[in-house]
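Data block below; observations after.
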Amino acid sequence: MLPFRKLILFLVFAALIHSSNAQVYRPNILWIVCEDISPFIGAYGASELKTPSIDRLAKEGIRYTHAYSVSGVCAPSRSAIITGMYPTSIGTQHMRTAGDPKFQPVPSYSAVIPDYVKCFPEILRQSGGYYCTNNFKQDYQFTPPVTVWDENGPAASYRNRRPGQPFFAVYNLAITHESMLFPSKDSLLVDPDKLTVPPIYPDTKTVRSDIARLYTNIQLMDKQVGEILEQLKKDSLYDNTIIFFYSDHGGALPWMKREVLERGTHIPLIIRFPSRFKSQDTISNKLISTIDFAPTVLNMARIQLPSYLQGQPFINFNRNTTYTDRSYVFAARDRMDTEYDRVRMVRDLRFRYCINYQMDKPYYQNIEFRRGIPMMAEILKLKEEGKLGSVPMMWFNKKPKEELYDVEKDPFELQNLANHPLYKEKLLELRGAYEEWITTYGDKSEMSEKEMLQKMWNNQSVAPATATPTVSVTKKGIHIECSTKGASIGYRIVNANNTSSNHIIQSWDFGFQKGSNQNGKSIPAAPVWNIYEKGSSIVVNPGDTLKINAMRIGYSPAVVDVVDGKVVGKE
């Protein structure tokens with residue numbers, strides 16, 4: 001096998017070969033994102049379930065063995081992926097910022113993140129000419145501006161782009177989400193009696209059934225992965241697209257999801273490259289964080305990385321820069337629905353360090369949503385009856401200040417080595433790495449969520465508003481300005497010649513796993529918002545309407561209609 005560093009050199013060399021006449025080669029990139037699974041995949045050694053589509057992708061690509069999310073739960077993880085910023089550094093760390101009021105101890109809010117931070121697909125669109133689609137879950141802890149995606153929705157697809165336009169397409173698969181473990185009459189594809197029950201659970205019929213349900217959902221998800229890959233092949237794009245498969249964070253079962261332990265943050269990550277980038281290497285053991293996804297994709301697209309990004313490319317397509325492999329990955333746990341906690345984690349290739357800020361609380365949190373899983377209700381019942389085994393009971397113990405685990409020897413992290421003299425040097429090393437991380441990036445949870453929200457809203461009771469854009473007419477066209485620093489400005493032109501178009505629903509996301517499946521239905525396409533380049537001129541014909549939507553992330557948007565150079569409507 002070629003060493004991984006040689007693979008990187010080969011990728012760069014191949015990229016240069018396929019660039020001609022100073023024209024930058026921008027590859028198609030497609031993400032397949034599943035929900036809530038640790039590496040319960042055949043290619044990762046999970047022999048109790050069958051995942052042929054993902055296994056084949058791994059055989060043709062690179063399987064990353066040490067990929068980690070920055071949180072053990074969805075929305076903070078997704079905020080990091082879309083921005084390339086740690087949630088604790090930008091105020092997106094609490095799960096979640098908006099939703100059902102009964103799970104919100106503070107008013108629902110869209111996190112006000114730093115004005116210089118953008119969702120990276122907007123950068124792909126603006127600087128790389130990419131057609132960017134998301135199908136269709138976002139859940140970023142904030143409402144994204146209209147400029148982020150060319151299309152977001154159940155019909156969003158790379159198929160709707162201009163001929164020859166490079167694309168970045170995201171497909172979200174919901175079938176493995178925690179909620180899909182709630183009681184179901186659907187048949188199981190995996191025999192509960194033939195499963196191995198992890199030591200952190202009691203070995204009961206209910207527990208076995210729920211694990212079998214999870215494995216069944218993963219097998220169904222694998223079929224959906226196969227459908228997406230077949231679609232690419234049908235479109236003659238399979239061998240011209242960089243394909244990512246990954247999970248947004250770790251496992252869906254109790255004492256997995258929401259934890260910053262191995263079972264809550266270790267994710268499967270497989271990347272398949274077009275044949276021009278092929279290598280004999282199929283496995284990489286380097287440490288990777290999901291904070292690195294945004295800079296990696298921008299690097300693949302040959303776009304200069306914004307200086308604010310807190311991650312780094314783990315595959316380098318730029319011959320002018322070099323990157324050192326990570327020594328550590330980091331994760332955080334904060335509020336989960338109504339329950340507050342504060343835990344921070346550092347992991348190297350072998351050890352995990354956790355620091356707990358609320359030692360008066362047990363590891364377990366009484367989260368109503370999770371109680372919908374049958375085995376969760378049973379675990380609580382057995383606990384009250386005094387029949388829960390000693391290992392499962394550890395979940396209900398109070399937390400020490402520090403934890404240190406040898407994950408290689410202790411994969412379920414049951415033996416805390418923080419006070420063991422033989423591991424003092426490792427404890428000090430990882431504690432130091434944590435302190436350096438916090439010093440470098442800060443931690444918004446050093447204040448209460450209420451205080452953080454007050455600062456975001458400038459001590460007002462509602463979110464700040466983006467300033468109304470101003471327009472000026474010149475001989476070259478219309479110029480747009482917005483005084484709100486960091487606002488993204490989108491625009492589109494509406495006239496009598498606009499023709500409506502329909503797009504076909506093809507989705508594997510929520511709403512298509514439960515209830516009626518509308519795949520194949522034709523629906524009106526959402527309008528595409530162009531990104532306004534500062535100082536540029538927009539040519540608008542007499543009588544046409546120029547629609548403008550300006551928004552800083554976390555602020556309410558400002559919408560303006562302009563006809564014949566005059567503002568005729570505001571929102």
Side-chain angles (χ1 to χ4, degrees), residues 1-19 24-33 39 43-44 54 57-70 80-84 120-121 123-124 127-128 130 132 166-170 237-248 266-306 309-329 349:
M1 287 189 177
L2 288 171
F4 195 73
R5 71 185 68 178
K6 289 186 178 180
L7 167 64
I8 301 303
L9 293 173
F10 181 78
L11 292 173
V12 174
F13 179 72
L16 293 173
I17 290 176
H18 287 274
S19 298
V24 176
Y25 169 71
R26 304 195 192 277
N28 300 321
I29 303 168
L30 183 139
W31 282 7
I32 303 174
V33 187
Y44 283 86
I54 302 171
L57 193 69
K59 186 176 181 180
E60 297 176 359
I62 299 174
R63 174 170 60 87
Y64 294 86
T65 62
H66 286 76
Y68 293 88
S69 60
V70 301
I81 290 169
I82 202 67
T83 63
F120 80 88
I123 302 172
L124 283 173
S127 300
Y130 273 78
C132 296
F167 66 80
F168 172 67
V170 181
L237 290 168
Y238 184 71
D239 205 34
N240 191 31
T241 302
I242 299 173
I243 303 168
F244 285 58
F245 167 81
Y246 69 91
S247 176
D248 58 352
H266 188 204
I267 62 171
L269 171 63
I270 296 166
I271 302 179
R272 183 192 185 277
F273 293 91
S275 58
R276 70 183 70 193
F277 299 140
K278 285 294 182 182
S279 165
Q280 294 179 6
D281 275 353
T282 58
I283 299 174
S284 171
N285 297 318
K286 68 192 316 186
L287 273 172
I288 293 170
S289 170
T290 51
I291 204 76
D292 301 328
F293 284 13
T296 297
V297 169
L298 292 174
N299 186 270
M300 287 176 170
R302 280 46 170 215
I303 294 171
Q304 184 174 353
L305 302 186
L309 289 174
Q310 294 170 348
Q312 65 182 54
F314 58 86
I315 297 175
N316 190 5
F317 273 52
N318 188 341
R319 64 175 177 171
N320 296 319
T321 56
T322 58
Y323 301 95
T324 303
D325 289 349
R326 282 185 167 277
S327 298
Y328 311 104
V329 294
L349 281 170

Answer yes or no: is there a side-chain heavy-atom contact under 4.5 Å between [X] and [Y]?
| X | Y | answer |
| --- | --- | --- |
| Ile291 | Arg326 | yes |
| Pro313 | Leu305 | yes |
| Leu287 | Phe314 | no |
| Tyr44 | Ile270 | yes |
| Ile271 | Ile315 | yes |
| Tyr238 | Ile243 | yes |
| Pro27 | Arg302 | yes |
| Phe273 | Met300 | yes |

* Which is it for Tyr246 and Val33 under the side chain to side chain contact (heavy atoms under 4.5 Å, CB included) test, yes or no, and what are the steps along the way? -> CA-CA 5 Å; Tyr246 69 91; Val33 187; 3.4 Å; yes
Nearest 0.5 angstrom please: [X] [atom1] to [Y] [atom2], how far?
| X | Y | atom1 | atom2 | answer |
| --- | --- | --- | --- | --- |
| Ser247 | Ile32 | OG | CD1 | 13.0 Å |
| Tyr328 | Tyr68 | OH | OH | 15.0 Å |
| Phe244 | Ile62 | CZ | CD1 | 10.0 Å |
| Thr65 | Leu349 | OG1 | CG | 8.0 Å |
| Asp325 | Ile288 | CG | CD1 | 8.5 Å |

* Just by modelled atom types, is the Leu237 backbone N or O under 3.5 Å from a matching donor or acceptor in the Asn240 side chain? ->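 Looks like no, no N/O pair under 3.5 Å.
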* Asked: Is the side chain of Gln312 donor-acceptor paired with the backbone N or O of Thr324 at a distance under 3.5 Å, no angle test?
  ->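 Confirmed, Gln312 side chain pairs with Thr324 backbone.
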* Test Ser284 against Tyr64 for side chain to side chain contact (heavy atoms under 4.5 Å, CB included), laying out the working first. => CA-CA 5 Å; Ser284 171; Tyr64 294 86; 3.6 Å; yes
Ignoring hydrogens, what is the shortest heavy-atom contact between [X] and [Y]? Give both atom names and the distance.
| X | Y | value |
| --- | --- | --- |
| Thr290 | Ser69 | OG1-CA, 3.4 Å |
| Cys132 | Leu124 | SG-CB, 3.8 Å |
| Gly311 | Pro295 | C-CG, 3.6 Å |
| Leu298 | Ile123 | CD2-CG2, 3.9 Å |
| Pro166 | Gly128 | CG-O, 4.2 Å |
| Asn316 | Thr322 | ND2-CA, 3.9 Å |

* Would you call the rings of His66 and His266 parallel, tilted or perpendicular if under 30° counts as parallel and over 60° as perpendicular? ->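 His66 and His266: tilted rings.
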* Asked: Would you call the rings of Phe120 and Trp31 parallel, tilted or perpendicular, where under 30° means parallel and over 60° means perpendicular?
  ->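 Tilted, since the angle between the ring planes falls between 30° and 60°.
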* Could you pull out all residues at least two apart from Arg26 that satisfy salt bridge (charged side-chain N to carboxylate O under 4.0 Å, His left out)? =>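 Checked Arg26 against salt bridge (charged side-chain N to carboxylate O under 4.0 Å, His left out); zero matches.
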* **Contacts of Tyr130 that satisfy ring pair (Phe, Tyr, Trp, His ring centres under 6.0 Å) - sequence neighbours left out** =>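 Result, ring pair (Phe, Tyr, Trp, His ring centres under 6.0 Å) vs Tyr130: none returned.
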